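None of these values were measured; they are calculated from a predicted model. No hydrogens, no waters, no symmetry mates; every other heavy atom, side chains included, goes into these values. Counting from 1, the numbers follow the sequence of the chain as shown.
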Amino acid sequence: MNSFQSNPNKDKAQIAELLEKLHFHQTIQEVTNRVHAAKDIKEIIVDLKDDILSLFNAHSLTIYVANQKQNEIYSMFLTGSKLKEIRLPINNKSIAGYVANNKKVLNITDAYDNQELKGIDSKLNLDRSWDKKSGIRTTQVLAAPILYENNLMGVIQIINSKSGVGFTIDSQDLLEDIADVLGIAFYNQQRAARRKKTRFDYLVTHGLMKDIDMENAWGEARKNKVTMDDLLMTKYKISKSDIGKSLEDFYDCKFIQFSNKYPIPGDLLKNLRKEYLSRELWVPLEKTDGKIRVIVDDPNNILKKDIIENLLKTKSINYDVAVKEDILNFINHFFKSQESDTSISDILGMLVEEDEFAGDEEEEVITESDSVIMQLVNKIINDGYRQNASDIHVEPNTEKKNVEIRYRIDGDCALYQTVPYSYRAAIVSRLKIMSNLDITERRLPQDGKIKFRRARGEEIELRVATIPTQGGQEDMVMRLLPKGETMPLEKMHLSPHNYKNFLEMIQKPYGMVLAVGPTGSGKTTTLHAALRYINTPEKKIWTAEDPVEITQHGLRQVQVNPKIGFDFSHAMRSFLRADPDVIMVGEMRDFETAKIGVEASLTGHLVFSTLHTNSAPETIVRLLDMGIDPLNFADSLLCILAQRLARTLCDNCKEEYYPPKEEYDEMAESYGKELFSKLDIPYNNEFKLYRPKGCSKCDNTGYRGRMGIHEILVATDNIKRLIQKHATVEEIRNTAISEGMTTLLQDGILKAINGFTDFVQIRRVCIR
């Protein structure tokens, strides 16, 4: 036989071996591809575990993932249909923990051999509880660290070689190769997870936070069991508005911040409990155009949205997002009542129940004497007082078929509550009864007053006006007149120049001091502050007011009553016979009152009064047009203080900014370029203004409270000559400015530059 003749059997064996190796490598490649194609790490360690195990001649395989922050490795496995977790610390006490801690491969022949384990490390031990649960004895163990660029990503461990004689070097090499594949896959999965869009990606992409800080924040929030919103605002000083922009970007909806100016949606709350809404973190806000607007912490939560739609019995819902704190504030605001345990929604719920019981009758069965209507009216007044409203508006609306209750707070009207249309007559009648007005007269306007005693004993007075409106309805406006403390003159926000001039004038022994401006501009408050400054036991001070809003010891205060003929002019004649030093008259409404005021000032009395005029120079022309003698008026006048109230920026959140040149030029133009140049306020890098931002303390408006802006015209010799000549407003203004008067607009601009308010608010309340 030829020695070179091939052996068919041997060739077949070699071919079979090569085919087996090829199939094995194809299987390895397929497993590798599936590992890299997995959508997440869970799919690798749970779903692909058996595919990887098929590469080894072993009974079981476990893949662990490293959690460096917790210094542990963890894995997941299915028990029936339930997914369970196993966690091991990274230390030398367990086989997988040792491999992770030392980044070394372990190939153990018998895990029950303590000598073999202690030869590796004295602390190494086998947890035999797993064997007891499974009924399988752990013998051979081969474990390798899963690394990426020497960073620990996890551990892969196979148990019990089917050969029964331990794992071979080939098995160890293969396991290390698979560990390398898993290391790359785990790294890519973790990088993808970091890139996965979260609610706060906007903060990182817009440079408000670093990537590493955001990653740390998530871990810290989980560890301390706090919301990310709170953590970002408190520790990382991210503003709520920036968090809102991030949430809007993620959820593609509007971000809503808390404001107590939102009307209470009583009809939407009647079947909902405060405790439930607070736990689930959602609340209905309003209903407009047939759609209910709901704020929720997670608008993407489908289960929560299904529950909301079932409870509100509609799918016509627009979802907006809010942070937890603001949702809870809305819930507390909607359900809270400081005067009693009954909330506005509870009251409206009682009204709805009674209305449903009434059936389809057109006439309202709810009357002004019904206890529920009484509670509702009291609640409206109490809440208006608590929110520092100056006016309460009750407005029946025939088109929308509801009654809107609005409050004026800091000069702006805001909707407080919507009441069902069928209760309009009962509410108006109840308020009329409280005001001693004629409830049968609905065609003519009526005026009255309510003396309202609150639960804590405080008494407040409301000036009431009813006005017939379209559709046979009646509007009501109530001005709240709380009996307040006198404000000190030094807290009136007068500029140093104006304060000095005003102080000098009110200390004169006789003459006339006028405070002018529109209704609600603080004229009476200013005059009472002036009276407080000069109020001494040596002076007899009489005041005639309608009504007496502010009281102070040492003043003899009289409330006029025009209905019985006791008006301001009558009161002043009486004062002149009552040995006065100082007289304050609430308003110079007519020629008679003004004439007596001028005469009183000429006969040795100091007279204070108010007028409804737009500026100090216009006041002079107005009084002269009334018929006041120019010579007498010129002799009597000391000064005229014109004022407005402008909203002030919230001290807690106002934001400093560098304005554009156009804004600077507009302010200079409004002030008067020549006069502004004399102030020596150049446009440079140090020129800063402030603007509103919004926080919880200011109901996210950016404004909190109001301050006065003033214009003082002092009756100098030049001004007196112009009065005698009956000069025009323009002539008087120009002369006063040349003598140092700052106009209302100028005073406001200076206060905006000093950071008290902004130019927008100044423009809202004065023209020049």
Side-chain angles (χ1 to χ4, degrees), residues 24-78 83 85-108 120-121 124 140-159 161 167-196 211-212 215-216 218-219:
F24 184 75
H25 285 292
Q26 285 177 338
T27 305
I28 291 174
Q29 189 60 51
E30 286 175 6
V31 169
T32 300
N33 291 340
R34 291 192 65 187
V35 167
H36 287 307
K39 66 174 186 280
D40 54 30
I41 290 177
K42 172 185 164 291
E43 184 177 336
I44 296 173
I45 63 178
V46 177
D47 300 337
L48 298 182
K49 181 178 71 172
D50 291 338
D51 291 342
I52 298 171
L53 179 62
S54 68
L55 300 173
F56 299 90
N57 187 28
H59 284 283
S60 67
L61 177 143
T62 306
I63 300 171
Y64 294 93
V65 182
N67 184 339
Q68 298 284 10
K69 290 181 181 177
Q70 302 293 330
N71 196 40
E72 62 182 16
I73 53 175
Y74 70 91
S75 186
M76 290 177 278
F77 58 96
L78 282 171
L83 194 66
E85 231 178 37
I86 175 175
R87 290 182 178 271
L88 295 173
I90 297 176
N91 59 32
N92 291 355
K93 292 183 178 180
S94 66
I95 294 171
Y98 177 93
V99 171
N101 196 32
N102 297 277
K103 298 180 184 176
K104 289 182 180 179
V105 177
L106 278 186
N107 190 346
I108 297 172
I120 298 169
D121 190 281
L124 192 60
Q140 302 88 17
V141 179
L142 179 61
I146 300 172
L147 305 174
Y148 179 81
E149 295 183 348
N150 206 39
N151 293 313
L152 181 70
M153 309 302 293
V155 172
I156 181 169
Q157 177 178 278
I158 53 177
I159 295 174
S161 169
F167 292 104
T168 65
I169 295 297
D170 289 341
S171 295
Q172 184 172 319
D173 290 341
L174 177 61
L175 190 69
E176 289 183 73
D177 289 342
I178 295 297
D180 289 340
V181 171
L182 291 173
I184 296 168
F186 281 13
Y187 171 77
N188 289 334
Q189 289 287 348
Q190 289 181 7
R191 189 175 62 176
R194 284 196 295 269
R195 285 202 311 267
K196 189 176 180 181
D211 205 350
I212 185 66
E215 196 172 325
N216 291 337
W218 281 110

Over all atoms of both residues, closest heavy-atom pair of [X] and [Y]:
X      : Y      : value
Ile45  : Met76  : CD1-CE, 3.4 Å
Ser75  : Thr62  : OG-CG2, 3.7 Å
Ala179 : Ile146 : O-CG2, 3.5 Å
Val155 : Ala96  : CG2-O, 3.7 Å
Phe167 : Ser161 : CZ-N, 3.5 Å
Ala100 : Ile73  : CB-CG2, 4.1 Å

Tested for side-chain contact (heavy atoms from CB on, under 4.5 Å) against Leu142, the lone hit among Ile158, Ile156, Ile95 is Ile158
- Would you please test Leu48 and Val35 for side-chain contact (heavy atoms from CB on, under 4.5 Å) and show each step? CA-CA 7 Å; Leu48 298 182; Val35 167; 4.2 Å; yes
What distance separates [X] [atom1] from [Y] [atom2], expressed to the nearest 0.5 Å?
X      : Y      : atom1 : atom2 : result
Leu106 : Gln157 : CG    : CD    : 9.0 Å
His36  : Leu182 : NE2   : CG    : 8.5 Å
Leu55  : Ser171 : CG    : OG    : 10.5 Å
Asp51  : Thr27  : CG    : OG1   : 10.0 Å
Glu149 : Tyr187 : CD    : OH    : 7.0 Å
Asp180 : Leu175 : CG    : CG    : 10.0 Å

Taken in chain and number order and not counting sequence neighbours, the residues that satisfy side chain to side chain donor-acceptor pair (under 3.5 Å) with Arg87 are Glu72, Glu85
- Message: Restricting to side chain to side chain donor-acceptor pair (under 3.5 Å), what partner residues turn up for Asn92, sequence neighbours left out?
- Response: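 By the side chain to side chain donor-acceptor pair (under 3.5 Å) rule, Asn92 matches Asn101, Asn102, Asp121.
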Inset, instruction - In sequence, state the C-alpha distance, the side-chain angles, and the governing distance for Leu147 and Leu152, and then conclude on side-chain contact (heavy atoms from CB on, under 4.5 Å). - result: CA-CA 5 Å; Leu147 305 174; Leu152 181 70; 4.1 Å; yes
- Under 3.5 Å, is there a donor-acceptor pair between the side chain of Lys103 and the main chain of Asn150? yes
Notebook entry, point to check: Taking the side chain as C-beta and beyond, is there a heavy-atom pair between Ile86 and Tyr64 under 4.5 Å?
Noted result: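 In contact.
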Answer whether the closest heavy-atom distance between the side chains of Phe186 and Ile44 falls below 4.5 Å.
->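 They are in contact (side-chain heavy atoms under 4.5 Å apart), so the answer is yes.
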- Item | For Asn71, side chain to side chain contact (heavy atoms under 4.5 Å, CB included) partners two or more places apart |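 Applying side chain to side chain contact (heavy atoms under 4.5 Å, CB included) to Asn71 gives Ile90.
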### Atom NZ of Lys69 with >12 non-hydrogen neighbours under 6.0 angstrom
yes
TODO: Report the C-alpha distance between His25 and Gln29 in whole Å, list the side-chain angles of each, state the deciding distance to 0.1 Å, and finish with yes or no for side-chain contact (heavy atoms from CB on, under 4.5 Å).
DONE: CA-CA 6 Å; His25 285 292; Gln29 189 60 51; over 6 Å; no
Can you check side-chain contact (heavy atoms from CB on, under 4.5 Å) on Phe56 and Ile178, steps first, answer last? CA-CA 11 Å; Phe56 299 90; Ile178 295 297; 4.2 Å; yes
